[in-house]
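A quick write-up on the structure given underneath.
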Amino acid sequence: MLLACFLCGSLFFGCKQKEKPEFLFRASLIVNENHTWFQAFEYFGQTLEERSNGRMKLQVYPSEQLAKEIEAIRLIQAEVIDMTVTGSMLNNWFELAAFCELPFFFKDTIEARNFIHGPIGKEMEHQMINVTGLRPVGYFQRGPRHLTSNRPIKHPDDLQGLIVRVPNVPSFVTAWSALGAKPTPMAFSEVFTSLQQGTIEAQENPFDLIKNAGFYEVQDYINLTEHVISWGYPVIGEKQFQKLPEDLKTIFLKAAKDMQAYERHLFTENEKHIKDELAAKGMTFIEVNKDAYIKKCEDAIYSSLSNDMKKVYKKLKNP
Ligand code: CS2
């Protein structure tokens, strides 16, 4: 082995070059190795390497090991790392990103998809590149977000004062405050321990993340609030992307397209049994009074928007 490396390194320069890629990307994800995003990124890495003959490689870091979501965005901007999956967190940089996860806004994934492919979705992608320096290279559809807790919460009146962890996204804080809870922004990787220690009492996420992070060990109920229909964008730093020669750019974008299709397949398959799996882990599902939830927070969400955003909101609600 040593001899082989020696020969390879000193005699056959080409062989050594193959080991060290021209472009090594590092991706930071919030999820662990069992999640569809991680598996899709691994697949993406293999595809990049194969199709570029080893000129491009990808290292994928799970569970916020490399950085929390908001730090990952900053590290990509600083060119320290290269990729992540993000969405509404970008609301901390530009307003339009709030639509990625605006509570009780999209009714279903069809509405969400029309938005993504429509003019405002395109404008959002444009702003992602120009304002935040992150280039979206596809999107991952997500399941609806639900509230988990240790007591049933059918009606917003049941959640008075409940300490609910939310991602660090302004519209979540607005919505959960209006509903009567105490929203606490926190990084995803800190949620499990905080639930265990009781510093927070509840959290909200789609079924896949509830399972992936093992929240069933510390939460008994899933209140079927479906309060957010959303998606996430796999992104690469724009500066990093622009450093690629044209042939590698083409390979990169095509591989990203294939990753999106692969993830959609994994996601669709997973959604078929995820609810049963969570039930088998001991979680109880609670039907909620969704109208009461909507009524209690929609005015607050609308009022928190800027005038420009209010116009977009109205236009999307009444096309
Ligand atoms: C996740 C995030 O932290 C969480 O709860 O579900 O992906 C969240 O949706 C985002 O911050 C999106 O940018």
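As the structure is a computational prediction, the values presented were derived from the model and not from experiment.
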Straight-line distance of L305 CG to K311 NZ, nearest 0.5 Å:
13.0 Å
Check whether N92 reaches the backbone of N168 with its side chain - one donor and one acceptor, N or O, closer than 3.5 Å.
yes
Is there a donor-acceptor pair closer than 3.5 Å between any side-chain N or O of N223 and the backbone N or O of I153?
yes
Hey, quick one: are M124 and F241 part of the same hydrophobic cluster, counting side-chain heavy atoms closer than 4.5 Å, chains of contacts allowed?
no
Compute the centroid of each ring, for F140 and then for F267, and state whether the two points are separated by less than 6.0 Å.
no
Over all heavy atoms of both residues, which pair between L179 and Q160 is shortest? Give the atoms and the distance, please.
O-NE2, 3.6 Å
I'd like to know if D82 and K243 make a salt bridge, using a cut-off of under 4.0 Å between side-chain N and carboxylate O.
no
Positive for ring pair (Phe, Tyr, Trp, His ring centres under 6.0 Å) with H227, one of W176, F105, F106, Y293:
W176
Please round to the nearest 0.5 Å and tell me the distance separating atom CZ of F104 and atom CD1 of I229.
10.0 Å
Within this structure, what is the NE2-CG distance for the pair H155 and D157, rounded to the nearest 0.5 Å?
4.5 Å
If I take atom CG from residue L66 and atom CD1 from residue I30, how far apart are they, to the nearest 0.5 angstrom?
14.0 Å
Gap separating the CZ atom of F172 from the CZ atom of R145, nearest 0.5 angstrom
4.0 Å
Within 45° of the six-membered ring axis of Y216 and under 6.0 Å from that ring's centre, is NZ or CZ of K211 located there?
no
Are any side-chain N or O atoms of Q240 and backbone N or O atoms of I81, one a donor and one an acceptor, separated by less than 3.5 Å?
yes
Given the rule in the salt bridge (charged side-chain N to carboxylate O under 4.0 Å, His left out) test, do K68 and E190 qualify, once you have shown the distances and angles that lead to the verdict?
CA-CA 9 Å; K68 317 240 191 280; E190 288 165 2; 3.7 Å; yes
Looking only at the aromatic ring of each residue, does the gap between the centers of H117 and Y139 stay below 6.0 angstrom?
yes
Decide, yes or no, whether a salt bridge links E71 with R74 under the criterion of side-chain N to carboxylate O below 4.0 Å.
no
Does T84 reach the main-chain N or O of S28 with its side chain, forming a donor-acceptor pair under 3.5 Å?
yes
For the CG atom of L102 and the CG atom of L96, what is their distance to the nearest 0.5 Å?
10.5 Å
Under the side-chain hydrogen bond (donor to acceptor under 3.5 Å, both in side chains) criterion, do K239 and Q77 qualify, and how do the steps go?
CA-CA 8 Å; K239 286 189 207 143; Q77 292 170 329; over 6 Å; no
Would F23 and F41 show up in the same hydrophobic cluster when neighbours are defined by side-chain heavy atoms closer than 4.5 Å?
yes
